[in-house]
Amino acid sequence: MLTIQSLREEKDRILEALNKRHFDAHEAVEQILAWDAERRKTQAQLDETLAQSNALSREIGGLMREGKKEEAEAVKAQTSSLKAKSGELKEQMQGLEQQIHDALCHIPNTPHADVAAGRNADDNVETFRSGDASTLEHHKKPHWDIAEQCKLIDFELGAKVTGAGFPFYRGKGAKLQRGLIRFFLEQADAAGYEEFIPPHMINPDSGFGTGQLPDKEGQMYHMQDDELYMIPTAEVPLTNIYRDVMVKEGDLPIKLCGYTPCFRREAGSYGKDVRGLNRLHQFDKVEIVQFAHPEASYATLDGMVEHVKGLLEALELPYRILRLCGGDMGFTSAMTYDFEVWSAAQERWLEVSSVSNFETYQANRLKCRYKGNDGKTHLVHTLNGSALALPRIVAALLENHQDETGIRIPEALVPYCGFERIDF
RNA sequence: GGAGGUUUGGCAGAGUUGGUCGAUUGCACCGGUCUUGAAAACCGGCGUACCGCAAGGUACCGGGGGUUCGAAUCCCUCAGCCUCCGCCA
């Protein structure tokens, strides 16, 4: 969430930046600043009252030591009104703080200056394109047909055992998954990211830290008996490693990665978009996360974009990179690049990665800070990206690398899969 | 799941017959003296957040609540860690 300090100091810049999202925060911000002023006034009164109260207590302590019990009792009598007053003020303070906190939670992050205004996906800016997004490939089969024909993925079995959107991968389909996971992890390892295998469930504090709670509560599977959530992405456990941590400035950037399955309820999704591997309740993903110095975070973001480019090049897939416009960006992001691969058979782009800089928005929730050379504490910048999400990569591989007799596995992937082709 | 113990500032570790304890001390860290440089030694500084122009004030000793004029110290509750028992991949 935004810091109250930033709201006080650069209200106009923030409101203008939020306009790019078509998010009108005028009213909310004015309300917050009014509450904030009231809070400060209340605190001044409360502190004064407590100071008086503390002084009297010290006096009583002194008198008791000297054995002047009667005088002590007399002073005690003075404390009751102070106590009532401070109790009342404390309640007011807590109420105001809660209101401010709740309101701040409902204001999204401010887009970076380079982010375009824009309302939706149509306004995103293509910044890079690689390969041929041909539309003249009607002979190619969609991945769901190949998956069934070659017994790579069994959607019906998944529906029987669990439900729609929970497929079984089998045979070469399973090996392909495993190969991709290893390939992605080793690429991340080579790029200096430390590998983690995080828990697949998280507590509410962690959900809040990265911004899934309270806004996206309905998107996560919730274990109510234990008050835990299935992770929607490894971003959540990985980023929360540094919740409430004071890092050393010299340790930045910190680079983490991890493979996990991801669980998403995808409430409200429907239609052809959810066919086959396009949208699942459980899918596999390798995530990269960085904690960066504020001055370096956009260079860091560029580096992460380059990393993901390298993966897609190695898989020989046609792809493009979009810088999301304000209206299409996630709630917590300041700048996001989406990677989309071309689906030859579906004749559409499929999002396979999203790389974002959250600046201090997550760090403020996480309370992840470092002590600078100036002796002051500052919030770090957090970034993350998919590198990569598997299902649509598999779809793109099956649809783009088809020939008359089967699927060709890209050279870079062969050592990880253990086979060169999937025959029809 | 049952029983007991434990949880203090970056780390280690005092403090639990309630009263100048936000907290002794060591290490780490920062600055200085000394030195060609470094180490050692010595001197000084060093938790976080909020309010305040400042002086200063307030809060925080796992989280929450309570008793009291006053709580790190007493009580309740929740959580983490450790030990033992039970169960189990």
Side-chain angles (χ1 to χ4, degrees), chain A residues 1-9 32-105 197-209 213 223-229 237 240-252 254 291 293 360 363-380:
Chain A
M1 60 186 169
L2 301 177
T3 62
I4 186 76
Q5 294 89 335
S6 70
L7 231 47
R8 282 189 213 138
E9 288 163 16
I32 289 169
L33 290 175
W35 282 332
D36 182 48
E38 202 180 334
R39 194 207 101 239
R40 284 190 275 176
K41 209 175 79 187
T42 309
Q43 186 181 340
Q45 290 172 9
L46 175 61
D47 286 358
E48 171 62 23
T49 309
L50 289 173
Q52 286 176 21
S53 190
N54 287 341
L56 288 179
S57 290
R58 274 192 291 271
E59 202 178 317
I60 293 169
L63 291 169
M64 295 293 263
R65 258 196 310 280
E66 293 169 31
K68 299 174 180 172
K69 207 172 175 188
E70 281 178 30
E71 289 177 46
E73 288 299 327
V75 179
K76 268 193 199 180
Q78 299 174 40
T79 60
S80 61
S81 68
L82 286 175
K83 206 180 175 189
K85 190 176 172 190
S86 67
E88 209 172 288
L89 288 167
K90 196 173 175 187
E91 210 166 295
Q92 277 180 38
M93 269 279 282
Q94 286 172 345
L96 286 163
E97 279 171 350
Q98 187 65 47
Q99 284 177 308
I100 292 167
H101 181 264
D102 290 350
L104 280 175
C105 283
I197 299 179
H200 297 171
M201 295 188 202
I202 48 114
N203 60 30
D205 282 348
S206 294
F208 176 79
L213 295 175
M223 316 290 126
Q224 290 185 350
D225 285 348
D226 299 288
E227 198 49 24
L228 296 172
Y229 296 85
N240 273 282
I241 290 172
Y242 284 92
R243 172 155 50 82
D244 293 321
V245 170
M246 187 78 81
V247 300
K248 289 203 174 81
E249 187 173 22
D251 289 344
L252 298 172
I254 296 167
F291 299 83
H293 195 285
T360 61
N364 187 35
R365 292 177 161 223
L366 294 161
K367 295 289 172 271
C368 177
R369 298 165 297 177
Y370 68 93
K371 187 161 284 197
N373 288 327
D374 55 6
K376 293 180 183 168
T377 53
H378 303 276
L379 295 167
V380 305

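Naming convention: chains lettered A, B, ... in sequence-line order (proteins, then strands); numbering from 1 in each chain.
In this structure, of B:rA59, B:rC69, B:rC51, it is B:rC51 that holds the atom nearest to the side chain of A:Q43. Listed nucleotides: B:rA49, B:rC69, B:rG57. Nearest to the side chain of A:T377: B:rA49. Here the side chain of A:R39 is nearest to one of B:rC51, B:rG19, B:rG57, namely B:rC51.
Of the P atoms belonging to B:rU24 and B:rA14, the separation is 15 Å, rounded to the nearest Å. For the C1' atoms, the distance linking B:rA71 with B:rG65 amounts to 14 Å, nearest Å. Nucleotides B:rA3 and B:rA89, compared at atom C1', are 25 Å apart to the nearest Å. The gap from the P atom of B:rA79 to that of B:rC21 amounts to 35 Å, rounded to the nearest Å. To the nearest whole angstrom, the two P atoms, one in B:rC82 and one in B:rA12, are 15 Å apart. Spacing of C1' atoms, B:rG47 relative to B:rG10, comes out at 9 Å, to the nearest Å. Distance check on atom P: B:rG2 versus B:rC60 gives 33 Å, rounded to whole Å. Rounded to the nearest Å, the gap between the P atom of B:rG32 and that of B:rG66 is 50 Å.
In this structure the side chain of A:M1 reaches within 4.5 angstrom of the side chain of A:H101, judged on heavy atoms. Side-chain contact between A:L252 and A:Y370 is present, with at least one heavy-atom pair separated by less than 4.5 Å. Using a 4.5 Å cut-off on side-chain heavy atoms (C-beta onward), A:F208 and A:C105 make contact. Here the side chains of A:S86 and A:L46 are in contact, with some heavy-atom distance below 4.5 Å.
Of the residues near RNA chain B, A:S53 and A:M246, the one whose nearest nucleotide (by heavy atom distance) lies more toward the 5' end is A:M246. Both A:G62 and A:E48 lie near RNA chain B, and the one whose nearest nucleotide falls closer to the 5' end is A:G62.
Nucleotide B:rU58 holds its P atom 17 Å from the CD atom of A:E97, rounded to whole Å. Taking atom NZ of residue A:K367 and atom C1' of nucleotide B:rC60, one finds them 15 Å apart after rounding to whole Å. Rounded to whole angstrom, the span from the CG atom of A:L46 across to the P atom of B:rC60 amounts to 11 Å. Atom CG in A:D244 sits roughly 11 Å away from atom P in B:rG63 (whole-Å rounding). Residue A:Q52 contributes atom CD, which lies 15 Å from atom C1' of B:rG56 at whole-angstrom precision. For the pair A:I60 CD1 and B:rU20 C1', the computed distance is 14 Å after rounding to whole Å. For A:E249 and B:rC30, the CD to P distance is 13 Å, given to the nearest whole Å.
Considering only side-chain N and O atoms, A:R40 lies nowhere under 4.0 angstrom from the phosphate OP1 or OP2 of B:rU58. Phosphate contact (OP1/OP2 of B:rC69, side-chain N/O of A:N54, threshold under 4.0 Å): absent. For B:rU48, neither phosphate oxygen OP1 nor OP2 lies less than 4.0 angstrom from any side-chain nitrogen or oxygen of A:R369. When the side-chain nitrogen and oxygen atoms of A:Q5 are compared with OP1 and OP2 of B:rC50, one or more of them lie within a distance under 4.0 Å.
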Q: Output, in order, the C-alpha distance, side-chain angles, deciding distance and verdict of salt bridge (Lys or Arg N to Asp or Glu O under 4.0 Å) for A:K41 and A:E38.
A: CA-CA 5 Å; A:K41 209 175 79 187; A:E38 202 180 334; over 6 Å; no
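Between A:K85 and A:E88 there is no salt bridge, since no side-chain N of the basic residue sits under 4.0 Å from a carboxylate O of the acidic one.
Every residue two or more places apart in sequence or in another chain was checked for a salt bridge (Lys or Arg N to Asp or Glu O under 4.0 Å) with A:E71, and none qualifies.
Note on A:S57: a base of the nucleic acid sits closer than 4.0 angstrom, heavy atoms only. Within 4.0 Å (heavy atoms only), A:L56 reaches no atom of the nucleic acid at all. No contact: A:E227 has no heavy atom under 4.0 Å from any strand.
One N or O on the side chain of A:T3 and one on the backbone of A:S6 form a donor-acceptor pair closer than 3.5 Å.
The environment of CD in A:E70 is sparse: at most 12 heavy-atom neighbours from other residues, nucleotides or ligands sit within 6.0 Å.
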Q: For RNA chain B, just give me the dot-bracket, please: Watson-Crick or G-U, both distances below 3.5 Å, ( ) intra-strand, [ ] crossing earlier pairs, | paired with another strand, . unpaired.
A: ((((((((.[[[..)...(.....]]].(((((.......))))).(((((....))))).[[[[[..)....]]]]])))))))....
